[in-house]
Amino acid sequence: MGPLITLLLSYLFTLSAAETLATEKVDIPEEKYMNFSQITAKYGWESEHFTVTTEDGYILKLFHLKGNEGNTPVLLMHGQADSSDTFIIRGNSSIAITLANEGYDIWFGNVRGNKYSRSHVSLSPDHDIRKFWNFSFNEIALYDLPATIDFILNETGKDQLSAIGHSMGTTIFFILGSEKPEYNSKISVFIALAPIAYMSNMPPLVEEFLTRTWPAVSTILEAFGIEELLSHRGQSDDVAQIVCSLGMLGYDICEVGISSLVTGEDVNRAEPEFFQIVIGHFLSGTARKVTDHYSQISRSGRFAKFDYGLMNPVHYGMNKELLKGPPAYNLNAITMPIALMTGGKDKMGQVHNVMKLKSQLSNAYYYYYEGFNHGDFIWGNDLKTTLIPTIIDFLVKFN
Ligand SMILES: *[C@@H]1O[C@H](CO)[C@@H](O)[C@H](O)[C@H]1NC(C)=O
Ligand SMILES: *[C@@H]1O[C@H](CO)[C@@H](O)[C@H](O)[C@H]1NC(C)=O
Ligand SMILES: *[C@@H]1O[C@H](CO)[C@@H](O)[C@H](O)[C@H]1NC(C)=O
Ligand SMILES: *[C@@H]1O[C@H](CO)[C@@H](O)[C@H](O)[C@H]1NC(C)=O
């Protein structure tokens, strides 16, 4: 527990110090306090939203930019503890606004439990805590993603859509294509930004956190009945900041915060002013079990279903294979074309793990962005000249 507490406290301290100092030094952009529709309107796009109800009763909010109806639909899926906002906060140079300006019909998913999708037909997120928050990215992939895709296809009258995911927003497409292979033909191309499937041999601090610290933290949280994590609602910024180390992007946010504190410079393609906008929108909520599942994958080195330990036979049937652990996702079943966009400085979606993933995919392309960290793929200030042209090439090639 020693290293854990030191790590958490140092993150907490550095981040709040960074935020305080950064706040003193920079003009706070209005986007920090604007909501989704206000930001899209500022950049020229009116938005609307729909509600999508999943087979297991979660009620999700799906955003859409109005004006490009009839053109190729593109679905954007955010990462852990994040939301649809992440794809627009860069404004005119964001992925969403740029693609909309290019004529694409842009849709934004929000997964169960985030600030827009904290709702269920019969369960309350505040009172039925153990039931409502009982999901990992496995359930997001099996229920939220297909419901979202089918809703868009029905609404647009198309047979196929293109998709872009970031971080956990890529994990769910790998699981969908494996577990519900009929969805492969509904996706013309999937662009995976900072892909996450295997998580072996991570950088020491990340590995220590995921494989040793997290299981202990999770047990304590569970004992206290804490299942919802990284939510921005009603918490002071300080409390929210503790967990800057817990989500996938937390690591980067801390680094950005620290670099803006120490150097005042744009070290990670995210300058201090933009860091303020990120703080206003990130931390949109996730479930404890999501990080449990990533922790298991990191420990076992296998991209496998949730490990229920001694209860595995109840969930997966009595089977000799279970001696190895829960069943691995069958990546060979994935047939949709996939572009794997990998960052040389990404501490979560590291090159060696992406290469291992690629070796099991039948139709994957690999791209390397040397200077990119995990957050740069959605928040970088130079996406318009670096990443987006390649994204557009893929959309054109496969539509
Ligand atoms: C954003 O805020 C405006 C003004 O308060 C409100 O009319 C609009 O419905 C909000 N949009 C969303 C998506 O919450
Ligand atoms: C965004 O870009 C468009 C087209 O270049 C420009 O007309 C508009 O003023 C920009 N919007 C903002 C808020 O910067
Ligand atoms: C959580 O989900 C698992 C798998 O679907 C199920 O076996 C378990 O009973 C659920 N727990 C609760 C508290 O709902
Ligand atoms: C499909 O779209 C039509 C027309 O918008 C709508 O009436 C219908 O309810 C939709 N069906 C589903 C399953 O979403």
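Whatever order the structure lists them in is the order used to number ligands and atoms, beginning at 1.
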### Query
So, do Tyr308 and His315 have ring centers that fall under 6.0 Å from each other?
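Judged by ring-centre distance (under 6.0 Å), Tyr308 and His315 do meet the cut-off.
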### Task
Within a distance under 4.0 Å of any heavy atom of Asn35, pick out the atoms of ligand 1 and give their elements.
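What qualifies from ligand 1 is 1 (C), 2 (O), 3 (C), 8 (C), 10 (C), 11 (N), 12 (C), 14 (O).
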### Message
As an exercise, identify every atom of ligand 1 less than 4.0 angstrom from a heavy atom of Phe63.
### Response
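Taking each heavy atom of Phe63 in turn, ligand 1 has 13 (C) under 4.0 Å.
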### Message
Does only the side chain of His49 get under 4.0 Å from ligand 1, or the backbone, or both, or neither? Count heavy atoms.
### Response
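Neither; nothing of His49 gets under 4.0 Å from ligand 1.
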#### Entry: Atoms of ligand 4 close to Asn154 [distance to a heavy atom under 4.0 angstrom, numbered from 1]
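Per the distance check, 1 (C), 2 (O), 3 (C), 8 (C), 10 (C), 11 (N), 12 (C), 14 (O).
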### Task
Using a strict 4.0 Å threshold on nitrogen-to-oxygen distance, state whether Glu228 and Arg288 make a salt bridge.
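Here Glu228 does not pair with Arg288 in a salt bridge, since their nearest N and O are not under 4.0 Å apart.
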### Lys345 and Glu370 ion-paired at < 4.0 Å
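Salt bridge absent between Lys345 and Glu370.
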### Query
Under the 6.0 Å and 45° cation-pi test, does Lys186 pair with Tyr183?
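Geometry flag: set, cation within 6.0 Å and 45°.
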### Message
Both conditions, 6.0 Å and 45 degrees, for the charged tip of Lys358 above the ring of Tyr366: are they met here?
### Response
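Not satisfied by the 6.0 Å and 45° rule.
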What is the ring orientation for [X] with [Y], classed by angle as parallel under 30°, tilted 30 to 60°, or perpendicular over 60°?
{"X": "Phe132", "Y": "Phe135", "result": "perpendicular"}
{"X": "Phe173", "Y": "Phe190", "result": "parallel"}
{"X": "Phe63", "Y": "Phe36", "result": "parallel"}

Enumerate the pairs of nitrogen or oxygen atoms, one from ligand 2 and one from the protein, separated by less than 3.5 angstrom; state names and distance to 0.1 Å.
{"residue": "ligand 2", "atom": "2 (O)", "partner": "Asn92", "partner atom": "OD1", "Å": "3.2"}
{"residue": "ligand 2", "atom": "2 (O)", "partner": "Asn92", "partner atom": "ND2", "Å": "2.2"}
{"residue": "ligand 2", "atom": "11 (N)", "partner": "Asn92", "partner atom": "ND2", "Å": "3.1"}

### Task
Please confirm whether Ser37 comes within less than 3.5 Å of ligand 1 when only nitrogen or oxygen atoms on both sides are compared.
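Ser37 vs ligand 1: N/O contact under 3.5 Å present.
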